[in-house]
2 protein chains.
Amino acid sequence: MVNNENNQSVNPSKNFVLPFILLLLSRVSLHGYELSQKLQAFGFKSIDQGNLYRLLRKLEADELVSSEWDTTGNGPAKRKYSITKAGITYLKGYANQLETYQSMLDQFFSMYSSFLELYIPSFSTRDSIEKKSSQKRRNDDGKEE
Amino acid sequence: MVNNENNQSVNPSKNFVLPFILLLLSRVSLHGYELSQKLQAFGFKSIDQGNLYRLLRKLEADELVSSEWDTTGNGPAKRKYSITKAGITYLKGYANQLETYQSMLDQFFSMYSSFLELYIPSFSTRDSIEKKSSQKRRNDDGKEE
DNA sequence: ATCTTCTATGTGTATTTTACATATAGGTGA
DNA sequence: TCACCTATATGTAAAATACACATAGAAGAT
């Protein structure tokens with residue numbers, strides 16, 4: 001799933017949750033259960049717990065994250081995940097993919113507005129849809145290497 | 001994949017291409033090969049031809065689209081697809097899903113900007129990233145029913 | 001004539017991803 | 001003790017995707 005070389009899939013539908021995980025871990029170390037909650041707050045309404053834990057072990061095997069047991073605090077032991085250098089590199093790559101994804105959504109809604117005008121003629125006189133339209137943030141991912 | 005009831009998956013990573021297909025067909029009837037090209041223009045760099053044709057047959061079985069053979073024009077016969085009423089209903093539903101998807105991306109890039117500032121201190125003085133930020137288009141899908 | 005290339009629609013199947021069910025175990029409060 | 005929350009994990013079915021290949025009409029080149 002995480003490809004060794006930079007042939008990251010261009011299809012945005014693949015592994016959508018992955019960049020969010022890496023982004024969250026880039027700020028602070030978290031364990032799986034916390035991640036699950038933060039992802040829900042992000043808008044992921046149905047992350048499968050089992051698959052999330054499996055994914056984290058896979059990411060660790062691919063060395064995008066590292067983990068250690070956290071026995072402090074209450075409750076059962078937690079496996080605390082941190083992002084690695086390789087993980088940060090991948091985060092940047094995934095962010096680029098998500099940008100193209102976002103521009104596809106912009107195009108979708110631009111065309112979708114026209115569709116609504118066709119089907120609901122009164123629609124164009126309403127101001128509830130403000131087109132975010134064309135992508136401005138572009139061609140700069142903050143590379144410094 | 002296309003669920004009969006309105007328990008459409010909330011996970012935006014599923015069937016990302018589907019709403020784009022329905023949107024394209026909402027404007028004009030197209031055959032598979034044309035769809036494939038329009039989707040590439042949309043940004044889908046790697047749609048699998050075989051799976052696209054299979055998906056279209058599946059959509060027809062689910063009655064979101066209908067098809068008829070088009071023997072006019074040159075070349076081999078084309079199967080011309082049109083959207084159905086049910087297809088339009090689903091398009092609206094998928095558009096709502098894509099909106100939540102878009103707001104997730106907004107949140108991602110908002111947080112990602114902070115990440116870049118941490119890792120590339122000079123970044124904040126540059127103006128190449130203009131935050132599109134918070135979602136404005138919301139809570140109105142043009143329902144008139 | 002046949003060869004290549006482009007258009008156009010498909011099938012077969014392996015791999016990957018996702019969904020759903022279930023197991024284990026520590027801790028808290030009724 | 002029982003229910004509930006936290007926390008991690010496995011087993012497996014179902015769905016989606018990737019990759020290979022088949023068929024066939026038409027156009028233009030050699």
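Excluded from the calculations below are hydrogen atoms, water molecules and symmetry mates; all remaining heavy atoms, backbone and side chain alike, are included. Protein chains get the first letters and strands the later ones, always in sequence-line order, with residue 1 at the start of each.
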| Residues Lys58(B), Asp62(B); criterion side-chain contact (heavy atoms from CB on, under 4.5 Å); working and verdict | CA-CA 6 Å; Lys58(B) 179 82 165 53; Asp62(B) 290 342; 3.0 Å; yes

List, one per line, each side-chain donor-acceptor pair under 3.5 Å for residues 17-29 of chain A, sequence neighbours excluded.
from	atom 1	to	atom 2	distance (Å)
Ser26(A)	OG	Leu23(A)	O	2.6
Ser29(A)	OG	Ser82(A)	OG	2.8

| Lys78(B) NZ to dG10(C) P, straight-line distance once rounded to whole Å | 13 Å

| query | Could you give the CD1-to-C1' distance, from Ile47(B) to dG10(C), as a whole number of Å? | reply | 16 Å

| Evaluation steps, ring pair (Phe, Tyr, Trp, His ring centres under 6.0 Å), between Phe16(A) and Tyr101(A) | CA-CA 10 Å; Phe16(A) 186 67; Tyr101(A) 206 176; 5.7 Å; yes

| Between dT17(D) (C1') and Phe44(B) (CZ): distance, integer Å | 14 Å

| field | Co-members of Tyr33(A) in a cluster of I, L, V, M, F, W and Y side chains, linked at under 4.5 Å | value | Tyr53(A)

| field | Separation of atom CG in Leu52(B) from atom C1' in dA16(D), rounded to whole Å | value | 14 Å

| Qualifying residues under side chain to side chain contact (heavy atoms under 4.5 Å, CB included), relative to Glu63(A), sequence neighbours excluded | none

| task | Using atom types as modelled and distance alone, determine if a side-chain donor or acceptor of Ser113(A) lies under 3.5 Å from a backbone N or O of Phe109(A). | result | yes

| remark: To the nearest angstrom, the CD-P distance between Gln37(B) and dA8(C) comes to 7 Å

| note | Residues passing the side chain to side chain contact (heavy atoms under 4.5 Å, CB included) test with Asp48(A), sequence neighbours excluded, are Asn51(A)

| query | Where along residues 21-32 of chain A does a heavy atom come under 4.0 Å from DNA chain C, residue by residue in number order? | reply | none

Identify all pairs in which a protein N or O lies below 3.5 Å from an N or O of nucleotides 28-30 of chain C, and state each distance.
none

| remark: Across all chains, not counting sequence neighbours, the side chain to side chain contact (heavy atoms under 4.5 Å, CB included) partners of Thr84(B) are Ser66(B), Ala86(B)

| query | Hey, which of Thr89(B), Asn96(B), Ile88(B) is the one that makes side-chain contact (heavy atoms from CB on, under 4.5 Å) with Lys92(B)? | reply | Ile88(B)

| Full working for side-chain contact (heavy atoms from CB on, under 4.5 Å) between Arg57(B) and Tyr81(B) | CA-CA 10 Å; Arg57(B) 305 306 291 274; Tyr81(B) 285 96; 3.2 Å; yes

Between the protein and nucleotides 21-23 of chain D, are there any N/O to N/O pairs under 3.5 Å, and if so, what are the atom names and distances?
none

| Partners meeting side chain to side chain donor-acceptor pair (under 3.5 Å) with Glu34(A) (sequence neighbours left out) | His31(A)

Give me the distances for all protein-to-nucleotides 9-13 of chain D N/O pairs that come in under 3.5 Å?
from	atom 1	to	atom 2	distance (Å)
dA9(D)	OP1	Arg57(A)	NH1	2.7
dA9(D)	OP1	Arg79(A)	NE	3.1
dA9(D)	OP1	Arg79(A)	NH2	3.0
dG11(D)	N7	Arg54(A)	NH1	3.2
dG11(D)	O6	Arg54(A)	NH2	2.7
dT12(D)	O4	Arg54(A)	NH1	3.4

Show which side-chain atoms of residues 69-79 of chain B pair as donor or acceptor with protein atoms under 3.5 Å away, not counting sequence neighbours.
from	atom 1	to	atom 2	distance (Å)
Asp70(B)	OD1	Thr72(B)	N	3.1
Asp70(B)	OD1	Thr72(B)	OG1	2.7
Lys78(B)	NZ	Asn74(B)	O	2.7
Lys78(B)	NZ	Pro76(B)	O	3.2
Arg79(B)	NH1	Ser67(B)	OG	3.2

| request: Tell me, please, which residues at least two apart from Glu68(A) pass salt bridge (Lys or Arg N to Asp or Glu O under 4.0 Å). | output: Lys80(A)

| field | Distance in angstrom units between Leu35(A) CG and dT6(D) P, rounded | value | 15 Å

| d(NZ, Lys58(A); P, dT18(C)) in whole Å | 12 Å

| query | Among dT17(C), dA7(D), dA24(D), which is the nearest nucleotide to the side chain of Asn15(A)? | reply | dT17(C)

| field | Rounded interatomic separation in angstrom, taking CD from Gln40(A) and C1' from dC5(D) | value | 14 Å

| Would you call the rings of Phe108(A) and Tyr112(A) parallel, tilted or perpendicular if under 30° counts as parallel and over 60° as perpendicular? | parallel

